Asker: 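So that we are looking at the same thing, I have put the structure below in structure tokens.
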Amino acid sequence: LSNLAELKYQCSGTSSSTHGYTQGGGGTGSPIGLDTVEKFSFENTNISAVVSALPAIRRQPIGISSSSFGYACGGDFPPVTSNISKYAFSNDASSGNVGDLSETRSIGAGLNDTTHGYSAGGYYHDNVPFPYNRIDRFAFASDGTAVSVGTLNMSRYGCAGSSSTTHGYVAGGYVSGLNVNTDTIDRFAFASSVTSADIGSLVQIFSHGSDGTSSTTHGYIGGSNVSPNIQKYSFSNSTTSSDVAQSISGRTHSAGTQY
């Protein structure tokens, strides 16, 4: 369909109603990383263009979208940061850092309802990753520092987030205490944001660093270096996911966007 303007990995994605965005990441031949924000049209599959920049280089930031803004939360330079940065979908202008997560973290899951952004899981530490189970929330209307509102049923990083209108879903990820990738799908209610519950399983365990996307009825997880498969699971019932498509090639630490 198209190509990014820059070769990159360990980036994250955000979405407006008309465009997809990738932010940060590591560039080929660039161990330091990238601060760029790229944009491409959902209607026109032309090559994407760099349209903005984050306040600093970020690898593995957590991507979250409101109706008007894209957010890059946390990430590592190194060191790992807690900064929440945002940019406007209307003109691609950066607003800089507008708040902080409750703690430094990288490579977690990003989710949203209509009024709040959520980050779940992730890790901190520059050399030996230490995973989190914390779920943070911040208001789109006021930005500011996020607060911890719940926990996943296990600490993990490299997990993929999807959002229905009422619940957040976190699928897969790496559980460093057990030294395994998990097939667990967690769910928590946006209204209460208490401890999440295990409500299903992936049909195939993906390596950590997968990306998540959402439709109005299903969550999707893709982006694994062990398989090109794209899995989906239903928001309406607790069930095992199924393979529904394939990406052009196996990949990991990629960005997910949706139309």
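Note that the coordinates shown come from a computational prediction; the quantities given were computed from them, not determined experimentally.
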Asker: For a side chain to side chain contact (heavy atoms under 4.5 Å, CB included) check, start with the C-alpha distance between Ser196 and Arg187, then their side-chain angles and the critical distance, and finish with the verdict.
Answerer: CA-CA 5 Å; Ser196 64; Arg187 181 178 68 186; 5.9 Å; no
Asker: Side-chain heavy atoms under 4.5 angstrom apart, residues restricted to Ile, Leu, Val, Met, Phe, Trp, Tyr: same cluster for Ile185 and Ile221?
Answerer: yes
Asker: Give the minimum heavy-atom separation between Ala160 and Ala109, together with the two atoms involved.
Answerer: C-CB, 4.0 Å
Asker: Can you list every pair that meets ring pair (Phe, Tyr, Trp, His ring centres under 6.0 Å) and has a residue in residues 88-109, with sequence neighbours left out?
Answerer: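 Qualifying pairs, neighbours excluded: Tyr21-Phe89.
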Asker: Could you give all pairs that pass the salt bridge (charged side-chain N to carboxylate O under 4.0 Å, His left out) test and reach residues 108-122, with sequence neighbours left out?
Answerer: none
Asker: At their closest point, which heavy atom of Arg105 faces which heavy atom of Arg134, and how far apart are they?
Answerer: NH1-O, 3.2 Å
Asker: Taking the inter-plane angle between the rings of Phe42 and Phe40 on a 0 to 90° scale, is it parallel (under 30°), tilted (30 to 60°) or perpendicular (over 60°)?
Answerer: perpendicular
Asker: Return the minimal non-hydrogen interatomic distance between Ser106 and Gly75, and the atom names on each side.
Answerer: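 Looking at all heavy atoms of both residues, the closest pair is OG-CA, 3.7 Å.
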Asker: Would Leu152 end up clustered with Tyr118 when hydrophobic side chains under 4.5 Å apart are linked, directly or stepwise?
Answerer: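 Yes; Tyr118 is reachable from Leu152 via cluster members.
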Asker: Tell me yes or no: between the side chains of Tyr87 and Gln23, is some donor less than 3.5 Å from an acceptor?
Answerer: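 The answer is yes; a qualifying pair exists.
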Asker: Taking it one step at a time, do Glu38 and Cys11 satisfy side chain to side chain contact (heavy atoms under 4.5 Å, CB included)?
Answerer: CA-CA 11 Å; Glu38 287 194 44; Cys11 52; over 6 Å; no
Asker: List the residues meeting ring pair (Phe, Tyr, Trp, His ring centres under 6.0 Å) with Tyr132, not counting sequence neighbours, and say none if there are none.
Answerer: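 Checked Tyr132 against ring pair (Phe, Tyr, Trp, His ring centres under 6.0 Å); matches are Tyr124.
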Asker: Tell me every residue that passes side-chain hydrogen bond (donor to acceptor under 3.5 Å, both in side chains) with Ser163, counting only those two or more places apart in sequence or in another chain.
Answerer: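 For Ser163, no residue satisfies side-chain hydrogen bond (donor to acceptor under 3.5 Å, both in side chains) once neighbours in sequence are set aside.
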Asker: Same cluster for Val98 and Leu101 if Ile/Leu/Val/Met/Phe/Trp/Tyr side chains link at under 4.5 Å?
Answerer: yes
Asker: State the CG-CZ distance between Leu34 and Arg59, to the nearest 0.5 angstrom.
Answerer: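 Here the rounded value is 10.0 Å.
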Asker: What's the verdict on side chain to side chain contact (heavy atoms under 4.5 Å, CB included) for Ile57 and Asp35, showing C-alpha distance, side-chain angles and the deciding distance?
Answerer: CA-CA 4 Å; Ile57 290 170; Asp35 64 356; 4.2 Å; yes
Asker: Let me check something: do Ile84 and Ile64 share a hydrophobic cluster, defined by ILVMFWY side-chain heavy atoms less than 4.5 Å apart, either directly or through other members?
Answerer: yes
Asker: Atom OH in Tyr220, atom OG in Ser215: separation rounded to 0.5 Å?
Answerer: 4.5 Å
Asker: Looking only at non-hydrogen atoms, find the nearest pair between Pro55 and Asn97 and report the distance.
Answerer: CG-OD1, 3.4 Å
Asker: If you round to the nearest 0.5 Å, how far is OG1 of Thr81 from CG of Asp100?
Answerer: 6.5 Å
Asker: Any side-chain heavy-atom pair from Ser234 and His218 closer than 4.5 angstrom?
Answerer: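 With C-beta onward as the side chain, the pair touches.
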Asker: Starting at CD1 of Ile107, measure out to CD1 of Ile62 and round the result to the nearest 0.5 Å.
Answerer: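 Here the interatomic distance stands at 9.5 Å.
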Asker: Among all residues two or more places apart in sequence or in another chain, which pass the side-chain hydrogen bond (donor to acceptor under 3.5 Å, both in side chains) test with Ser94?
Answerer: none
Asker: Using the benzene-type ring in the case of Trp, are the ring centres of Tyr169 and Tyr233 under 6.0 Å apart?
Answerer: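 Yes, they do, as the ring centres are separated by less than 6.0 Å.
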Asker: Calculate, to the nearest 0.5 Å, the distance between atoms OG and CG belonging to Ser66 and Asn112 respectively.
Answerer: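 Ser66 atom OG to Asn112 atom CG measures 8.0 Å (nearest 0.5 Å).
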Asker: Once rounded to the nearest 0.5 Å, what's the spacing between atom OG1 of Thr104 and atom OH of Tyr123?
Answerer: 11.0 Å
Asker: Measure across Ala120 and Cys159 and return the closest heavy-atom pair with its distance rounded to 0.1 Å.
Answerer: O-SG, 4.0 Å
Asker: For residues 55-75, which residue pairs qualify under ring pair (Phe, Tyr, Trp, His ring centres under 6.0 Å), counting only residues two or more places apart or in two chains?
Answerer: Tyr71-Phe138, Tyr71-Phe140
Asker: Which is it for Ser85 and Arg58 under the side-chain hydrogen bond (donor to acceptor under 3.5 Å, both in side chains) test, yes or no, and what are the steps along the way?
Answerer: CA-CA 10 Å; Ser85 307; Arg58 303 272 190 90; 2.6 Å; yes
Asker: With side chain to side chain contact (heavy atoms under 4.5 Å, CB included) as the criterion, how do Arg156 and Asp186 come out once you've worked through the C-alpha distance, each side chain's angles and the decisive distance to 0.1 Å?
Answerer: CA-CA 11 Å; Arg156 60 193 194 264; Asp186 277 13; 3.5 Å; yes
Asker: When you check the side-chain N and O atoms of Asp136 and Ser102, is any donor under 3.5 Å from an acceptor?
Answerer: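 Yes, because at least one side-chain N or O of Asp136 sits under 3.5 Å from a partner of the opposite role on Ser102.
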Asker: Report yes or no: do Val147 and Phe190 belong to one cluster of Ile/Leu/Val/Met/Phe/Trp/Tyr joined by side chain heavy-atom distances under 4.5 Å?
Answerer: yes
Asker: Where is the tightest heavy-atom contact between Ala72 and Leu54, given as atom of each residue plus distance?
Answerer: CB-CD2, 3.9 Å
